[in-house]
Amino acid sequence: MQRRTFLKKLAKTSVVIGTGLTVAGTISWFSIDAPSKPLTVDHLLSQLDGLLNTANQSQNLITKSQDWDLSQIFTHCAQSVEYSMSGYPQHKSELFKQTVGPTVFSIFAAKGRMTHNLSDPIPGAPLTIKKPLYLPALKRLQQSLIDFQRYEAELKPHFAYGQLSKQEYALAHVMHFNNHMQQISRVS
(Lines give C-alpha, C1' and ligand atoms only; values in the text may rest on other atoms or scores of the structure.)
Protein backbone atom coordinates (compact mmCIF):
# COMPACT_ATOMS: atom_id res chain seq x y z
CA MET A 1 0.00 0.00 0.00
CA GLN A 2 2.81 2.42 0.80
CA ARG A 3 4.40 1.71 -2.56
CA ARG A 4 1.15 2.51 -4.34
CA THR A 5 0.76 5.80 -2.42
CA PHE A 6 4.37 6.71 -3.19
CA LEU A 7 3.88 6.08 -6.90
CA LYS A 8 0.70 8.20 -6.97
CA LYS A 9 2.47 11.08 -5.24
CA LEU A 10 5.43 10.73 -7.57
CA ALA A 11 3.13 10.85 -10.60
CA LYS A 12 1.31 13.96 -9.28
CA THR A 13 4.62 15.69 -8.51
CA SER A 14 5.94 14.87 -11.96
CA VAL A 15 2.86 16.35 -13.59
CA VAL A 16 3.13 19.53 -11.50
CA ILE A 17 6.87 19.89 -12.17
CA GLY A 18 6.42 19.08 -15.85
CA THR A 19 3.57 21.58 -16.14
CA GLY A 20 5.62 24.19 -14.32
CA LEU A 21 8.53 23.68 -16.69
CA THR A 22 6.22 23.88 -19.67
CA VAL A 23 4.56 27.03 -18.39
CA ALA A 24 7.94 28.60 -17.52
CA GLY A 25 9.27 27.75 -20.99
CA THR A 26 6.15 29.14 -22.59
CA ILE A 27 6.31 32.33 -20.56
CA SER A 28 9.92 32.99 -21.55
CA TRP A 29 9.17 32.13 -25.19
CA PHE A 30 6.20 34.51 -25.20
CA SER A 31 7.87 37.32 -23.27
CA ILE A 32 7.55 40.53 -25.19
CA ASP A 33 10.29 43.14 -25.45
CA ALA A 34 9.37 46.42 -27.06
CA PRO A 35 11.06 46.74 -30.47
CA SER A 36 13.87 49.29 -30.42
CA LYS A 37 12.88 50.80 -33.77
CA PRO A 38 9.63 51.27 -35.69
CA LEU A 39 8.55 48.14 -37.55
CA THR A 40 7.36 49.90 -40.68
CA VAL A 41 8.33 49.76 -44.33
CA ASP A 42 8.94 53.51 -44.26
CA HIS A 43 11.48 53.09 -41.47
CA LEU A 44 13.07 50.17 -43.30
CA LEU A 45 13.40 52.29 -46.43
CA SER A 46 15.16 54.99 -44.39
CA GLN A 47 17.53 52.30 -43.07
CA LEU A 48 18.27 51.24 -46.64
CA ASP A 49 18.94 54.87 -47.56
CA GLY A 50 21.43 54.93 -44.69
CA LEU A 51 23.10 51.77 -45.99
CA LEU A 52 23.30 53.27 -49.49
CA ASN A 53 24.84 56.46 -48.06
CA THR A 54 27.34 54.36 -46.11
CA ALA A 55 28.38 52.68 -49.34
CA ASN A 56 28.63 56.03 -51.15
CA GLN A 57 30.86 57.45 -48.40
CA SER A 58 33.43 54.69 -48.89
CA GLN A 59 32.37 52.99 -45.68
CA ASN A 60 32.00 49.29 -46.17
CA LEU A 61 29.46 46.84 -44.99
CA ILE A 62 30.70 43.38 -44.13
CA THR A 63 28.88 40.19 -43.39
CA LYS A 64 29.52 38.09 -40.32
CA SER A 65 27.92 35.15 -42.12
CA GLN A 66 30.03 32.22 -43.20
CA ASP A 67 27.32 31.20 -45.66
CA TRP A 68 26.11 34.30 -47.49
CA ASP A 69 27.72 37.51 -48.71
CA LEU A 70 25.95 40.89 -48.66
CA SER A 71 24.60 40.53 -52.19
CA GLN A 72 23.00 37.21 -51.29
CA ILE A 73 21.45 38.59 -48.09
CA PHE A 74 19.92 41.62 -49.83
CA THR A 75 18.76 39.52 -52.80
CA HIS A 76 17.13 37.00 -50.46
CA CYS A 77 15.25 39.78 -48.65
CA ALA A 78 14.18 41.31 -51.98
CA GLN A 79 12.94 37.91 -53.21
CA SER A 80 10.73 37.60 -50.14
CA VAL A 81 9.12 40.99 -50.80
CA GLU A 82 8.71 40.26 -54.51
CA TYR A 83 7.15 36.84 -53.86
CA SER A 84 4.54 38.38 -51.56
CA MET A 85 3.23 40.08 -54.72
CA SER A 86 3.97 37.48 -57.42
CA GLY A 87 3.64 34.22 -55.44
CA TYR A 88 6.14 31.99 -53.69
CA PRO A 89 7.54 29.14 -55.81
CA GLN A 90 6.99 26.44 -53.15
CA HIS A 91 4.74 26.20 -50.10
CA LYS A 92 4.51 24.22 -46.92
CA SER A 93 1.43 22.01 -46.67
CA GLU A 94 -1.99 23.64 -46.33
CA LEU A 95 -2.28 22.11 -42.87
CA PHE A 96 1.00 23.78 -41.85
CA LYS A 97 -0.10 27.12 -43.34
CA GLN A 98 -3.38 26.95 -41.40
CA THR A 99 -1.94 25.89 -38.04
CA VAL A 100 1.77 26.11 -37.24
CA GLY A 101 2.63 28.91 -39.69
CA PRO A 102 0.08 31.47 -38.46
CA THR A 103 0.90 30.61 -34.85
CA VAL A 104 4.61 31.21 -35.41
CA PHE A 105 3.87 34.47 -37.23
CA SER A 106 1.62 35.61 -34.37
CA ILE A 107 4.41 34.96 -31.88
CA PHE A 108 6.93 36.86 -34.02
CA ALA A 109 4.46 39.73 -34.45
CA ALA A 110 3.78 39.89 -30.71
CA LYS A 111 7.50 39.95 -29.98
CA GLY A 112 8.25 42.37 -32.82
CA ARG A 113 11.12 40.14 -33.81
CA MET A 114 11.66 37.15 -36.07
CA THR A 115 14.25 34.45 -35.73
CA HIS A 116 14.95 31.92 -38.44
CA ASN A 117 17.86 30.06 -40.00
CA LEU A 118 19.68 32.89 -41.75
CA SER A 119 21.22 30.63 -44.38
CA ASP A 120 17.99 28.97 -45.52
CA PRO A 121 16.88 30.08 -48.99
CA ILE A 122 13.22 30.65 -49.75
CA PRO A 123 11.87 27.23 -50.80
CA GLY A 124 11.98 26.89 -54.57
CA ALA A 125 13.64 30.26 -55.12
CA PRO A 126 16.63 30.41 -57.43
CA LEU A 127 19.81 30.20 -55.42
CA THR A 128 21.59 33.48 -55.06
CA ILE A 129 25.23 33.51 -56.07
CA LYS A 130 28.04 35.33 -54.30
CA LYS A 131 28.89 38.66 -55.91
CA PRO A 132 31.59 41.12 -54.86
CA LEU A 133 29.29 44.13 -55.36
CA TYR A 134 26.24 44.35 -53.14
CA LEU A 135 24.82 47.73 -54.25
CA PRO A 136 22.65 46.27 -57.06
CA ALA A 137 21.07 43.82 -54.60
CA LEU A 138 20.55 46.58 -52.02
CA LYS A 139 18.87 48.76 -54.66
CA ARG A 140 16.73 45.78 -55.72
CA LEU A 141 15.57 45.37 -52.13
CA GLN A 142 14.80 49.07 -51.90
CA GLN A 143 12.79 48.97 -55.14
CA SER A 144 10.91 45.83 -54.06
CA LEU A 145 9.75 47.62 -50.91
CA ILE A 146 8.67 50.70 -52.89
CA ASP A 147 6.76 48.40 -55.26
CA PHE A 148 5.20 46.63 -52.25
CA GLN A 149 4.00 49.94 -50.79
CA ARG A 150 2.36 50.86 -54.11
CA TYR A 151 0.90 47.38 -54.69
CA GLU A 152 -2.91 47.37 -54.57
CA ALA A 153 -3.83 43.90 -55.83
CA GLU A 154 -4.36 40.92 -53.57
CA LEU A 155 -1.14 39.67 -51.99
CA LYS A 156 -0.19 36.03 -52.45
CA PRO A 157 -0.11 33.61 -49.51
CA HIS A 158 3.18 33.31 -47.65
CA PHE A 159 4.85 29.95 -48.14
CA ALA A 160 4.72 29.19 -44.39
CA TYR A 161 2.40 31.73 -42.72
CA GLY A 162 -0.45 31.45 -45.21
CA GLN A 163 -2.66 34.40 -46.09
CA LEU A 164 -1.41 37.68 -44.62
CA SER A 165 -2.88 41.15 -44.83
CA LYS A 166 -0.77 43.95 -46.31
CA GLN A 167 -0.03 45.23 -42.80
CA GLU A 168 1.00 41.74 -41.65
CA TYR A 169 3.18 41.28 -44.72
CA ALA A 170 4.82 44.66 -44.10
CA LEU A 171 5.62 43.57 -40.56
CA ALA A 172 6.94 40.20 -41.79
CA HIS A 173 9.22 41.91 -44.34
CA VAL A 174 10.61 44.34 -41.76
CA MET A 175 11.20 41.63 -39.14
CA HIS A 176 12.79 39.40 -41.80
CA PHE A 177 15.22 42.14 -42.82
CA ASN A 178 15.98 43.04 -39.19
CA ASN A 179 16.81 39.41 -38.48
CA HIS A 180 19.24 39.36 -41.42
CA MET A 181 20.81 42.64 -40.28
CA GLN A 182 22.32 40.63 -37.41
CA GLN A 183 24.68 39.28 -40.07
CA ILE A 184 25.92 42.72 -41.13
CA SER A 185 28.44 45.20 -39.67
CA ARG A 186 29.68 48.60 -40.83
CA VAL A 187 33.38 49.36 -41.05
CA SER A 188 35.16 52.59 -42.01
Side-chain angles (χ1 to χ4, degrees), residues 35-56 59-92 97 101-102 104-109 111-151 153 155-187:
S36 60
K37 50 192 162 197
L39 298 174
T40 65
V41 172
D42 284 333
H43 186 264
L44 176 50
L45 284 167
S46 71
Q47 284 181 279
L48 296 180
D49 282 339
L51 293 175
L52 287 166
N53 287 336
T54 296
N56 292 333
Q59 294 177 325
N60 292 319
L61 299 176
I62 59 168
T63 180
K64 303 175 207 172
S65 172
Q66 301 290 327
D67 300 314
W68 287 3
D69 68 10
L70 292 167
S71 178
Q72 290 172 301
I73 292 168
F74 295 138
T75 298
H76 168 77
C77 290
Q79 285 175 329
S80 183
V81 177
E82 293 161 356
Y83 288 145
S84 67
M85 297 176 279
S86 65
Y88 286 85
Q90 274 183 0
H91 288 258
K92 300 259 186 199
K97 291 191 311 185
V104 169
F105 177 76
S106 293
I107 293 167
F108 290 159
K111 292 178 76 130
R113 179 172 54 250
M114 175 186 294
T115 55
H116 72 295
N117 184 335
L118 298 175
S119 60
D120 274 353
I122 295 169
L127 295 178
T128 58
I129 57 171
K130 291 189 181 223
K131 294 182 180 175
L133 301 176
Y134 65 85
L135 283 179
L138 185 55
K139 289 178 181 177
R140 175 182 173 185
L141 173 57
Q142 183 182 44
Q143 188 59 53
S144 72
L145 288 162
I146 292 167
D147 293 344
F148 174 80
Q149 284 187 312
R150 294 177 181 157
Y151 192 76
L155 294 164
K156 306 299 184 202
H158 187 272
F159 75 91
Y161 306 143
Q163 197 62 49
L164 297 176
S165 69
K166 188 164 188 176
Q167 183 178 356
E168 290 168 327
Y169 250 128
L171 180 60
H173 294 321
V174 172
M175 291 188 302
H176 183 231
F177 177 78
N178 288 345
N179 192 197
H180 279 285
M181 279 301 290
Q182 295 171 359
Q183 298 173 286
I184 298 172
S185 295
R186 295 180 197 210
V187 294

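Reckoned from all heavy atoms, side chains included, excluding hydrogens, waters and symmetry mates.
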Measure across Ala109 and Leu171 and return the closest heavy-atom pair with its distance rounded to 0.1 Å.
-> CB-CD2, 3.6 Å
Are any of the side-chain heavy atoms of Lys64 and Ile184 separated by less than 4.5 Å?
-> no
Find the distance between OG (Ser144) and OH (Tyr151) and round it off to the nearest 0.5 Å.
-> 13.5 Å
Minimum side-chain heavy-atom gap Asn178-Gln47 below 4.5 Å = yes
In terms of heavy-atom contacts, does CD of Gln167 have more than 12 from other residues, nucleotides or ligands at under 6.0 Å?
-> no
Search all heavy atoms of Ser65 against all heavy atoms of Thr63 and return the closest pair with its distance.
-> N-OG1, 3.0 Å
Looking at side-chain heavy atoms only, is the closest gap between Tyr134 and Thr75 below 4.5 Å?
-> no
To the nearest 0.5 Å, what is the distance between CE (Met114) and CG (Leu39)?
-> 10.5 Å
Compare every heavy atom of Gly124 with every heavy atom of Gln90, then report the nearest pair and how far apart it is.
-> OE1-N, 3.5 Å
Are the side chain of Lys166 and the backbone of Phe148 linked by a donor-acceptor contact shorter than 3.5 Å?
-> yes
Do Met181 and Ile73 come within less than 4.5 Å of each other through their side chains, counting heavy atoms only?
-> no
Ala125 versus Pro89, closest heavy-atom pair with distance | N-CG, 3.6 Å
Would you call Phe74 and Leu61 a side-chain contact if the rule is heavy atoms closer than 4.5 Å?
-> yes
Report the C-alpha distance between Phe177 and Leu48 in whole Å, list the side-chain angles of each, state the deciding distance to 0.1 Å, and finish with yes or no for side-chain contact (heavy atoms from CB on, under 4.5 Å).
-> CA-CA 10 Å; Phe177 177 78; Leu48 296 180; 3.7 Å; yes
Residue pair His43, Val174: steps toward the side-chain contact (heavy atoms from CB on, under 4.5 Å) verdict = CA-CA 9 Å; His43 186 264; Val174 172; over 6 Å; no
Donor-acceptor pair, side chain of Ser80 and main chain of Cys77, under 3.5 angstrom = no
How many angstroms lie between NE2 in His76 and CG in Asp120, if you round to the nearest 0.5 Å?
-> 8.0 Å
Does a side-chain heavy-atom distance below 4.5 Å link Thr128 with Gln79?
-> yes
Between Gln72 and Leu127, does a side-chain contact (heavy atoms from CB on, under 4.5 Å) hold up when you go through it step by step?
-> CA-CA 9 Å; Gln72 290 172 301; Leu127 295 178; over 6 Å; no
In Å, rounded to the nearest 0.5 Å, how long is the span from CG of Leu45 to CG of Leu141?
-> 8.0 Å
Report the relative orientation of the aromatic rings in His158 and Tyr161; use parallel for angles under 30°, tilted for 30 to 60°, perpendicular for over 60°.
-> parallel
Checking side-chain contact (heavy atoms from CB on, under 4.5 Å) for the pair Gln183/Asp67: CA distance, chi angles, key distance, verdict?
-> CA-CA 10 Å; Gln183 298 173 286; Asp67 300 314; over 6 Å; no
Between His180 and Trp68, what is the ring plane arrangement, given parallel below 30°, perpendicular above 60°, and tilted in between?
-> parallel
Calculate, to the nearest 0.5 Å, the distance between atoms CG and CD belonging to Leu138 and Gln143 respectively.
-> 12.0 Å
Looking at the rings of His173 and Tyr169, which for Trp means the six-membered one, are their centres under 6.0 Å apart?
-> yes
What pair of heavy atoms forms the shortest contact from Thr115 to Asn179, and how long is it?
-> CA-OD1, 3.4 Å
If we only count heavy atoms from C-beta on, is the Lys111 to Ile107 side-chain gap below 4.5 Å?
-> yes
Any residue meeting salt bridge (charged side-chain N to carboxylate O under 4.0 Å, His left out) with Lys92, in chain and number order, not counting sequence neighbours | none
Output the distance between atom CG (Asp69) and atom CD1 (Ile62), rounded to the nearest 0.5 Å.
-> 12.5 Å
